[in-house]
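Working notes, structure below.
On a predicted model such as this, the values are computed, not experimentally measured, just so you know. Every chain is numbered from 1 and lettered A, B, ... according to where its sequence line falls, protein lines coming before strand lines.
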Number of protein chains: 2
Amino acid sequence: MGITIRDVAAAAGVSTATVSRALRGLPNVDQVTRERVKDVAAALDYVISPSASRLASGRTGSIAVITPYISRWFFSEIIARVESVMQQSGMDLLLMNVGDYQNGHARIPPTPRLRRRVDGILIVSLPPQDPDLEAILSLGMPTAMIGGIAPNVECVVIDDVSAAKRATEHLVALGHTRIALMAGGPATARFTAESQRERGFHLVMKQNSLVEDPMLEVFGHFTIEGGESAMDALLNQPNPPTAVFAMSDEMAFGAIRSIRKHGLEPGCDVSIVGVDNHPMSSYLGLTTVSQPVSELGVTAGERLMGQILGIDPLGENGRVTELPTELMVRESTGTKS
Amino acid sequence: MGITIRDVAAAAGVSTATVSRALRGLPNVDQVTRERVKDVAAALDYVISPSASRLASGRTGSIAVITPYISRWFFSEIIARVESVMQQSGMDLLLMNVGDYQNGHARIPPTPRLRRRVDGILIVSLPPQDPDLEAILSLGMPTAMIGGIAPNVECVVIDDVSAAKRATEHLVALGHTRIALMAGGPATARFTAESQRERGFHLVMKQNSLVEDPMLEVFGHFTIEGGESAMDALLNQPNPPTAVFAMSDEMAFGAIRSIRKHGLEPGCDVSIVGVDNHPMSSYLGLTTVSQPVSELGVTAGERLMGQILGIDPLGENGRVTELPTELMVRESTGTKS
DNA sequence: TTGTAAGCGTTATCAG
DNA sequence: CTGATAACGCTTACAA
């Protein structure tokens with residue numbers, strides 16, 4: 001069961017070597033021969049055996065995308081773009097969720113599954129201190145990273161510090177002085193984006209000599225519900241903030257709901273700005289700092305392919321590509337009343 | 001570069017055959033031998049070569065998930081669950097978007113890429129008349145399908161007809177008689193869910209002797225923007241509907257926005273019900289018919305694995321598993337004013 | 001330009 | 001229970 005290269009060779013009256021060369025477009029094949037082989041292969045409905053090809057050549061023709069989440073907007077959007085790039089490059093895309101964050105089930109370390117299985121790895125937003133990260137990087141294969149920076153690796157990022165600065169400055173410019181920070185979680189096990197955005201926030205607060213009340217730092221776990229509870233907590237304080245910088249739009253959504261629930265109006269009584277430019281943000285009138293999610297995925301995918309193909313090789317110390325962000329002012333922010 | 005089974009065999013003082021058996025947990029291996037082999041393999045940091053294993057065994061250890069979209073909520077949620085099932089089964093998950101719907105780039109037919117490459121295929125919501133669908137099914141490999149029914153295939157679905165009936169009946173029970181239908185697009189190239197939901201809608205309308213004004217059938221393309229424009233068109237008519245059944249929550253979101261834009265209040269001036277129970281639905285107070293997306297993914301994944309492993313084989317005519325839906329009444333629907 | 005043949009690293013079939 | 005050894009289907013020097 002299954003036409004092999006030998007069948008094609010026999011039918012075309014050439015050797016298997018020639019078939020292999022002809023079909024892969026290698027040079028040094030007579031044009032006539034090549035056409036004949038191609039025709040015969042098509043007629044026989046020949047499909048190459050990837051396993052055999054891989055075993056013989058050492059190339060797997062696939063890459064792995066490793067992410068802590070699959071269905072969250074940011075991640076699924078990136079996966080979609082990378083898939084698109086890989087499809088055009090004729091590469092298979094293996095999807096690997098590094099559990100724990102998402103599912104209840106035990107986390108299966110991805111490293112062993114990666115060895116000998118893929119030609120390259122694309123890592124999306126693993127926290128720098130993630131135990132698997134180092135293991136993956138030390139595999140020493142072509143690797144690209146989105147949303148994080150590591151030495152000797154192709155990194156595609158946004159400037160999270162400046163994104164946060166932009167958001168916070170916007171709030172300050174509107175006259176707010178009592179500004180809350182809605183982070184994902186406590187400082188341990190943070191994503192790169194979290195610590196950077198926190199830095200940006202602190203910087204601007206300091207620059208403007210604004211006090212940072214520790215009571216005004218809350219955790220929304222990057223979810224709508226989390227953002228809502230966090231905002232609840234903020235508003236139930238004796239001296240609530242007049243503005244909030246949320247590290248993600250989804251948390252901001254929850255916060256908006258909480259604000260309304262308390263009989264207040266976002267952008268009027270309380271200003272809120274997020275990060276992402278999630279598709280629902282314009283819908284909800286959320287002021288946010290947009291990040292170019294699609295470009296992040298496409299760029300990282302293409303760079304990874306460049307490494308794998310040997311064109312566009314990586315320098316000694318890796319490379320960091322920074323993509324631009326933009327403040328989108330909408331209704332959720334306004335001058336301090 | 002790379003420890004092979006021979007290195008392990010030599011180090012353990014056994015044959016490669018024994019190593020293979022011991023490591024895979026096959027019977028007929030002395031317990032002591034097995035342990036020794038395992039220890040040696042671990043010490044040597046041996047990792048099996050998937051390509052070699054695949055070539056020799058004929059099993060690829062991977063499945064393909066084929067979807068028309070990756071980043072839309074329904075799809076990414078399903079992908080996430082399937083990934084989880086596959087990870088636990090030790091299978092690789094190849095992600096394949098059957099372009100065209102999503103990207104601008106030329107659609108690459110998935111069939112050749114599937115042959116000899118995977119042990120099973122999980123198809124998510126391909127329209128029944130999709131040219132690739134038949135080709136994929138005729139590959140004759142273990143296949144499972146979500147959101148569609150085909151002969152001789154493992155199908156996991158919801159009852160879209162009754163989902164639509166439930167939604168429409170809810171509207172009728174509230175006293176609405178002039179009810180609009182917001183579909184994805186025109187009848188050609190429809191997803192299974194679309195035609196089924198349309199049927200359910202028509203059934204209830206007929207049962208209640210309600211006239212179906214052709215002006216009240218609009219297309220929202222399953223997007224927020226599409227839903228908004230479609231609702232705009234509806235409200236700009238001389239005799240607008242008092243209620244709308246939208247085939248998806250995302251379209252309903254857009255519709256809600258349009259309603260508000262027209263100075264009307266959802267659930268009060270115009271009622272609207274969707275399908276999905278998207279995470280944002282409860283947030284926006286959208287009445288909807290929920291579908292068990294996670295279960296859809298898990299069930300299909302497990303069934304597919306059952307087929308691949310030979311347990312839980314498929315009967316002659318395939319099998320259809322129907323998962324339950326539920327009407328979630330929220331603020332976007334109310335009695336006819 | 002084309003053919004020959006030696007791998008690639010496992011698995012699986014037989015013997016033993 | 002264990003060991004030889006022939007596949008598995010392709011790639012790739014090396015020859016011709």
Legend entry - Estimated bend of the helix from C:dT1-D:dA16 to C:dG16-D:dC1 (axis per five terminal pairs, rounded to 10 degrees): 30°
Inset, instruction - Could you state the atom-to-atom distance from CG of A:L55 to C1' of C:dA6 in whole Å? - result: 13 Å
Inset, instruction - Under 4.0 Å from any atom of DNA chain D, heavy atoms only: list the residues of residues 37-53 of chain B that qualify, in numerical order. - result: none
Inset, instruction - Give one of base, sugar-phosphate or nothing for A:V19, where a contact means two heavy atoms less than 4.0 Å apart. - result: nothing
Legend entry - Per B:D30 side chain, nearest of listed nucleotides C:dA5, D:dT2, C:dG3: D:dT2
Inset, instruction - Name the residue closer to the 5' end of DNA chain C, choosing between A:R36 and B:T4 according to the nucleotide with the nearest heavy atom. - result: A:R36
Inset, instruction - Output the single nucleotide from C:dG7, D:dA13, D:dG3 whose closest atom is nearest the side chain of A:A56. - result: C:dG7
Inset, instruction - Could you tell me whether B:R59 contacts a base, only the sugar-phosphate backbone, or nothing, with contacts defined as non-hydrogen atoms closer than 4.0 Å? - result: sugar-phosphate
Inset, instruction - Look at the rings of B:F222 and B:F191 and say which category their plane angle falls in: under 30° parallel, 30 to 60° tilted, over 60° perpendicular. - result: perpendicular
Inset, instruction - Mind listing the closest non-hydrogen atom pair of B:T4 and A:R116 along with its distance? - result: N-NH2, 4.4 Å
Inset, instruction - Verify, without hydrogens or angle tests, whether A:S76 (side chain) and A:W73 (backbone) share a donor-acceptor contact under 3.5 angstrom. - result: yes
Inset, instruction - Sort and list the pairs that fulfil salt bridge (Lys or Arg N to Asp or Glu O under 4.0 Å) and have at least one residue in residues 8-27 of chain A, not counting sequence neighbours. - result: none
Inset, instruction - Report yes if the side chains of B:V124 and B:F75 come closer than 4.5 Å at any heavy-atom pair, otherwise no. - result: yes
Using a 3.5 Å cut-off and no angle test, enumerate the donor-acceptor pairs between side-chain atoms of residues 10-19 of chain B and protein atoms at least two apart in sequence or in another chain.
{"from": "B:S15", "atom 1": "OG", "to": "B:A17", "atom 2": "N", "distance (Å)": "3.4"}
{"from": "B:S15", "atom 1": "OG", "to": "B:T18", "atom 2": "N", "distance (Å)": "3.2"}
{"from": "B:S15", "atom 1": "OG", "to": "B:T18", "atom 2": "OG1", "distance (Å)": "3.3"}

Per-pair distances, 0.1 Å, donor-acceptor, side chain in residues 135-148 of chain A, under 3.5 Å, sequence neighbours excluded:
{"from": "A:S138", "atom 1": "OG", "to": "A:E134", "atom 2": "O", "distance (Å)": "3.2"}
{"from": "A:S138", "atom 1": "OG", "to": "A:A135", "atom 2": "O", "distance (Å)": "2.9"}
{"from": "A:T143", "atom 1": "OG1", "to": "A:M141", "atom 2": "O", "distance (Å)": "2.7"}

Legend entry - B:A22 backbone acceptor or donor facing B:R34 side chain under 3.5 Å: yes
Inset, instruction - Ignoring backbone atoms, establish whether B:T16 has a side-chain N or O less than 4.0 Å from OP1 or OP2 of C:dT11. - result: no
Legend entry - Within residues 20-29 of chain B, residues whose heavy atoms come under 4.0 Å of DNA chain D: B:R21, B:N28, B:V29
